[in-house]
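Below, chains carry the letters A, B, ... as their sequence lines are ordered, and counting in each starts from 1. Bear in mind the structure is a predicted one, so any value in this text is a computation, not a measurement. These numbers come from the heavy atoms of this one structure, side chains and all, not from hydrogens, waters or symmetry mates.
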Protein chains: 2
Amino acid sequence: MAETLDQATSLRRQPKQARSQERVQQILDAAEQLFIEVGYEQTTTRAIATQAQVPVGSLYQFFPDKAALLKALAHRYFEQEYQLFVQLHAELATVPIAVYVDRMVDAFDQFAIDHPGYQAVLSQMIDLMTVADAATYNEFDPQIGLELAQFLARRNPTLAPAQCDLIATVALKTVNELLWLSLTGDRTFRQQLIAETKVLMTAYLQTYGV
Amino acid sequence: MAETLDQATSLRRQPKQARSQERVQQILDAAEQLFIEVGYEQTTTRAIATQAQVPVGSLYQFFPDKAALLKALAHRYFEQEYQLFVQLHAELATVPIAVYVDRMVDAFDQFAIDHPGYQAVLSQMIDLMTVADAATYNEFDPQIGLELAQFLARRNPTLAPAQCDLIATVALKTVNELLWLSLTGDRTFRQQLIAETKVLMTAYLQTYGV
DNA sequence: GAATAAAAGTGAACATCGTTCATGTTCTCA
DNA sequence: TGAGAACATGAACGATGTTCACTTTTATTC
């Protein structure tokens with residue numbers, strides 16, 4: 001876990017001693033908690049340092065800037081989401097498309113519910129991306145899109161590869177957005193929106209006979 | 001135009017003299033240009049003031065803070081989009097749903113293309129909303145949603161009002177997101193995504209027999 | 001048309017932020 | 001055990017959004 005995280009977030013310095021590695025985790029935990037509580041923008045680096053019981057300087061020993069903290073946290077969630085997809089995708093290789101959609105949407109909905117920090121961290125991550133590059137975000141999402149496109153091509157061989165890519169992009173983006181919207185409402189709203197997302201996706205994919 | 005803008009953006013002070021009103025427009029124009037060129041975050045209030053050839057203080061005479069400038073600009077676009085919807089919606093009251101979707105999607109796509117500042121301002125606006133309230137954004141979008149829901153109920157009277165609201169919400173959110181995504185790519189990508197958006201929406205709405 | 005009040009204009013100064021870096025401390029290993 | 005590498009520290013820096021005491025311009029009154 002540690003190695004994967006380090007590689008992806010380009011830590012300013014590799015923590016070689018156990019003491020430093022603990023600090024990195026302390027800082028990340030403190031940052032996540034504060035991002036959830038008061039949001040990314042409102043969280044000062046000094047507050048993160050205080051919460052993690054380290055001086056500000058230690059923060060910049062390992063992370064190049066404040067945004068790197070958010071990226072590191074987002075990376076953790078993307079990684080988990082990708083694992084979730086891979087596992088479920090294998091299980092649902094041959095089921096009808098309606099069942100595939102049903103199970104997938106439910107799984108990702110449940111993931112967001114199970115991880116309290118997901119919404120707070122990701123929403124701030126999206127904000128950051130419009131300003132800066134989308135490197136971190138585009139690390140796992142296109143991977144899912146690629147596998148989804150291959151899945152569609154296997155289901156309906158008459159579809160051109162380019163078209164499969166496009167359909168996968170549309171499907172992913174749409175489900176992402178609607179699940180995201182569902183998180184902003186109460187339980188009833190979320191369940192209704194989940195159901196509606198399934199209707200939408202199933203109708204769309206059945207158009208292509210997959 | 002001026003009155004509508006003033007009401008919605010809660011200017012700190014109403015510009016009563018012609019001189020001030022000109023200044024407000026100068027400031028807004030300068031802000032929009034800089035937001036497009038270097039982005040909202042990277043644009044300093046001093047830069048806006050310099051560009052508009054006014055001192056920083058004058059900025060805060062009319063706008064409570066930097067975000068108010070972005071909101072005022074976003075409001076202008078929302079207002080124009082709503083007008084566009086109302087007009088087209090009236091024209092398409094009785095056409096088949098596939099035609100309705102086709103014309104609507106094309107119109108909003110064209111709007112984004114015709115207004116160079118739209119993407120820059122709105123993307124920053126979206127960022128701002130996750131941090132602050134969504135008051136400005138929710139000013140016109142739900143209005144469109146409401147009319148869309150009534151439209152669905154008229155097309156298929158067997159649908160419950162609550163379900164019409166839900167369908168309208170899903171449709172709006174989805175089209176919004178996909179059109180937004182289409183702006184990030186080149187001409188070919190945009191055209192393909194526009195076409196795909198129509199397929200998705202038509203398939204979805206035909207499910208409900210509207 | 002001069003005097004007074006009200007509105008508008010101004011920019012140096014303030015508070016706070018993200019970040020740095022010179023200096024002190026702790027750990028590693030021959 | 002001691003020299004060098006890794007790590008820790010927080011005062012200081014530059015930049016930002018914002019304010020407010022002060023000046024200038026416009027409106028009103030006699």
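For B:Thr45, whose side chain is taken as the heavy atoms from C-beta onward, the closest listed nucleotide among D:dT9, C:dG9, D:dG17 is D:dG17. Of the candidate nucleotides C:dC17, D:dA8, D:dG17, C:dC17 has the atom nearest to the side chain of A:Thr44. For B:Arg46, counting side-chain heavy atoms from C-beta on, the closest listed nucleotide (D:dA8, C:dA13, C:dG18) is C:dA13. Taking the side chain of A:Pro55 as heavy atoms from C-beta on, and the options D:dT18, D:dT9, C:dG9, the nearest nucleotide is D:dT9.
What separates CD1 of A:Ile48 from C1' of C:dC17 is a distance of 12 Å, to the nearest Å. Rounded to an integer number of Å, the gap from NZ of A:Lys66 to C1' of D:dT16 is 13 Å. Atom CD of B:Gln61 and atom P of D:dT24 are 16 Å apart (whole Å). Separating the CD atom of B:Glu41 from the C1' atom of D:dA15 is a distance of 14 Å, rounded to the nearest angstrom. Rounded to whole Å, atom C1' of D:dG17 lies 14 Å from atom CD of B:Gln42. For the pair A:Phe62 CZ and D:dA6 C1', the computed distance is 10 Å after rounding to whole Å. Spacing between atom CG of A:Asp65 and atom P of C:dC17 amounts to 17 Å, rounded to whole angstrom units.
Put simply, B:Ser58 has no side-chain N or O that comes within less than 4.0 Å of OP1 or OP2 on C:dA8. OP1 or OP2 of C:dT19 sits under 4.0 Å from a side-chain N or O of A:Tyr60. Contact annotation: A:Arg23 side-chain N/O to D:dT9 OP1/OP2 distance is under 4.0 Å.
In terms of heavy-atom proximity, A:Leu88 sits nearest to A:Arg103 at CD2-O, 3.6 Å.
With a 6.0 Å cutoff to the six-membered ring centre and a 45° limit on the axis angle, B:Lys66 counts as a cation-pi contact of B:Tyr40.
Under the 30°/60° scheme for interplanar angles, the aromatic rings of B:Phe85 and B:Phe108 are found to be tilted.
Heavy atoms from other residues, nucleotides or ligands lying under 6.0 Å from CD of B:Glu91 number more than 12.
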